Amino acid sequence: MLHLLNTPQREAVVYLGGPCLVLAGAGSGKTRVITQKIAYLIEKAGMNAKNIAAITFTNKAAREMQERVGALLPKEMLKGLTVSTFHSLGLKMLREEARHLGYKPQFSILDSADAAKIISEQLVTTDKQLIRSSMSQISMLKNDRISPDKALAMAQSEGELQLAKLYRSYQDTLFAYQALDFDDLIRLPVDLFEAHPEVLEKWQNRLRYLLVDEYQDTNTTQYQLVKLLAGVTGLFTAVGDDDQSIYAWRGANVDNLRLLQEDFPKLQVIKLEQNYRSMARILRCANAVIGNNPKLFEKKLWSDLGVGDPIMVIESKTEEEEAAMVLDHLESSRFLSNGKYSNYAILYRGNHQARIIEKQMWGRRIPYVISGGQSFYDKAEIKDVLAYLRLIANEDDDPAFIRSVTTPKRGVGNVTLEKLGSYAATRNVSFFAAVYEEGFIHQVQAAQYEPLRLFCDFINRMQDRAAKEPAGPLLNELLLAIDFETWLYENDEPRPAEAKWKNVQDLVAWITKKGEEDDKSLIDIVQTIALITMLEGRDEEDVDAVKLSTLHASKGLEYPHVFLIGCEENILPHQNSIESNMVEEERRLMYVGITRAQRTLTISYCGKRRRAGEWQITEPSRFLKELPPEDVIISGRLAGDKPKPAMSKEERKAKNAELMARIGK
DNA sequence: TGGTTAGTCGTTTTT
DNA sequence: CGACTAACCA
């Protein structure tokens, strides 16, 4: 197997002398290094799979890694191998150790919508901006491992004090719900390990070798978790690329790359610079753009896959025209090469940009799938069903209670809920518990109380059965009992009920499979489900369709032909990033986009687009000017502009010759 | 209590 | 222009 690797890749795989950092440029085979290293650890170094943990950032990446390792070694040898995201790993640890933290092991996980609701209630506001920024500030505090108490003590200004108070009450609310948010899943294990060395030791013994993927995306807490688990032996391999760090806004800290060298002086640094994905011109563009950023580690990608076609830049007048031209190019290219739709990806900065493309795709009957954006788990009908399951697993989960008791409608309205809520608050119990309390029963009329009681009795019965009965059939029974399908058909706007019901069926199928395969109860499954965007990507692979994706969601993927749309000032780089001096990260985003392309890259922008209903003049992105002119052909037309001539034949010849020389051909 | 409607508001990226 | 909310009627 090792012969399939190039020299630095092999070096990275076999190095077991201590901490190892692999600086892996885009397309340089980092997943291959990680998977081969796992195989090497088991096969050659004689390690037990259950002592190895590979940590990624997305479930998709984890799944892919699992599959690729599965192709290298027989199943028996991989038994107990941990391949998971930081969040799933934290979740696993916390389910086992919850009691050390005063939580019950059946705690719920709150998604950001639930969290936003809590914040909005605490602040008594509906201002989305304010809620958003409060959430992100609390998240930052958590990621820097500052507790509510510490935040209160540290507060320097009125604003900071308010924030700290909000943080405190938010956290108290979470505790009352017996719920954790995403950040807690990382933060609490670190707290736990610091407070209980014996627990840390247990996990150090269990996870003796760590492999961390996308290391440049780790935040302070995640790095501390890695450091704690790696312990004094420092047996880990981190793989990352500072040029692909695009998550600073959610706390990722590129400086962790430098810290690694500081904290582990013996760190072995290995660079992977040969790219196996893109043709030379694409890499030249990528290198040129990223060259405008300051460098942490010197690194230059190269490939021997040939020069390739020039990068095409399409100009158009409006966003509709942009979509039309991009799709024209896409269709004619696909026609000429007789290729598959799935060879094409359209990438953009923000989710909303997909809509215009989507509309035209639909009109032209071009098949497409959208990755990123609203995940399966975020769909209303799925959240409805999961609310029931969450409540069954943890009856203290008030958001789940509220959602499930009101969907489908069962005669419990806002007034009753309000009463229940304030009663629960004064008694300091959950909504669910309050329903059974004498004090509450007398507060409402029998007609209002009846449905509440019926609902809670129903949940109680389900709880008894959920621990023992097969998951799939029980869930089906639940859906039948609440008449969920009928409810969907009665509410088939704006999305058709068939589609929603299909999603629910997919969920049932997934849970049934999980229940049978791993012999897990409904409760077991529900407790891990919050982090799984399960059906994501399921049919993506076998359906022949154009991929629409945000730049963020495209990281780690590759496509023969890539279109990068909306390449304009205030979009890419995004306005907020320009205002907050974050243009370097936007440039890395551009870099990520460019390096997704294998054979051709087409970039587009338009002269004006609608924003909040108003037409706005737009300027081409500054990043366009950073592309090497000799590798670019501009086509299309902008209002007032003549199409620009391509380079002359002679110029191109000379440039090509120079290029060939540069890449050593 | 629940569904309909007429206003209002405003677009980053995600585990 | 379209999604989402707050008042409004059945």
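Labels below follow one simple rule: chain letters A, B, ... track the order of the sequence lines, proteins then strands, and each chain is numbered from 1. Computation of the quantities below employed the complete heavy-atom set of this structure, encompassing side-chain atoms and omitting hydrogens, waters and symmetry-equivalent molecules. Just so it is clear, the structure is predicted and the values come from calculations on it, not from any experiment.
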Checklist entry - Given that A/Ser580 and A/Phe57 both sit by DNA chain B, which one's nearest nucleotide is further toward the 5' end? => result A/Ser580
Checklist entry - Between A/Asp183 and A/Thr416, which has a closest nucleotide on DNA chain B that is more 5'? => result A/Thr416
What is the separation between atom [atom1] on [X] and atom [atom2] on [N], rounded to the nearest whole Å?
X: A/His87; N: B/dT14; atom1: NE2; atom2: C1'; value: 9 Å
X: A/Trp249; N: B/dT12; atom1: CH2; atom2: C1'; value: 8 Å
X: A/Gln616; N: C/dC1; atom1: CD; atom2: C1'; value: 14 Å
X: A/Asn576; N: B/dT11; atom1: CG; atom2: P; value: 10 Å
X: A/Gln448; N: B/dG2; atom1: CD; atom2: C1'; value: 13 Å
X: A/Glu214; N: B/dT13; atom1: CD; atom2: C1'; value: 15 Å
X: A/His352; N: B/dT12; atom1: NE2; atom2: C1'; value: 8 Å
X: A/Arg349; N: B/dT13; atom1: CZ; atom2: C1'; value: 5 Å

Checklist entry - Within 45 degrees of the axis of the six-membered ring of A/Tyr103 and under 6.0 Å from its centre: does A/Arg95 put its NZ or CZ there? => result no
Checklist entry - Think A/Arg250 forms a cation-pi with A/Tyr247, using NZ or CZ under 6.0 Å from the six-ring centre and within 45 degrees of its axis? => result yes
Next on the checklist: I'd like the P distance from B/dT11 over to C/dA6, given in whole Å.
Outcome noted: 15 Å
Item to check | C/dT5 to B/dT12 separation - P atoms, rounded to the nearest Å | outcome: 16 Å
Taking the side chain of [X] as its heavy atoms from C-beta onward, which of [options] lies nearest to it?
X: A/Asn351; options: B/dT14, B/dG3, C/dC1; value: B/dT14
X: A/Arg250; options: B/dT13, B/dT15, B/dT12; value: B/dT15
X: A/Arg355; options: C/dA3, B/dT14, B/dT1; value: C/dA3
X: A/Thr58; options: C/dG2, B/dT15, B/dT12; value: B/dT15
X: A/His552; options: B/dT15, B/dT13, B/dT12; value: B/dT13

Next on the checklist: For A/Tyr348 and A/Phe563, I'd like to know if the aromatic rings sit close, meaning centre-to-centre distance below 6.0 Å.
Outcome noted: no
Checklist entry - Taking all non-hydrogen atoms of both residues, which atom of A/Ile55 and which atom of A/Thr85 are closest, and how far apart? => result CG2-C, 4.0 Å
Item to check | Closest non-hydrogen atom pair, A/Tyr167 against A/Leu141 | outcome: CD2-CD1, 3.7 Å
Checklist entry - Looking for any heavy atom pair under 4.0 Å, which part of the strands does A/Arg609 touch: base, sugar-phosphate only, or nothing? => result nothing
Next on the checklist: Does B/dT12 have OP1 or OP2 under 4.0 Å away from a side-chain N or O of A/Ser577?
Outcome noted: no
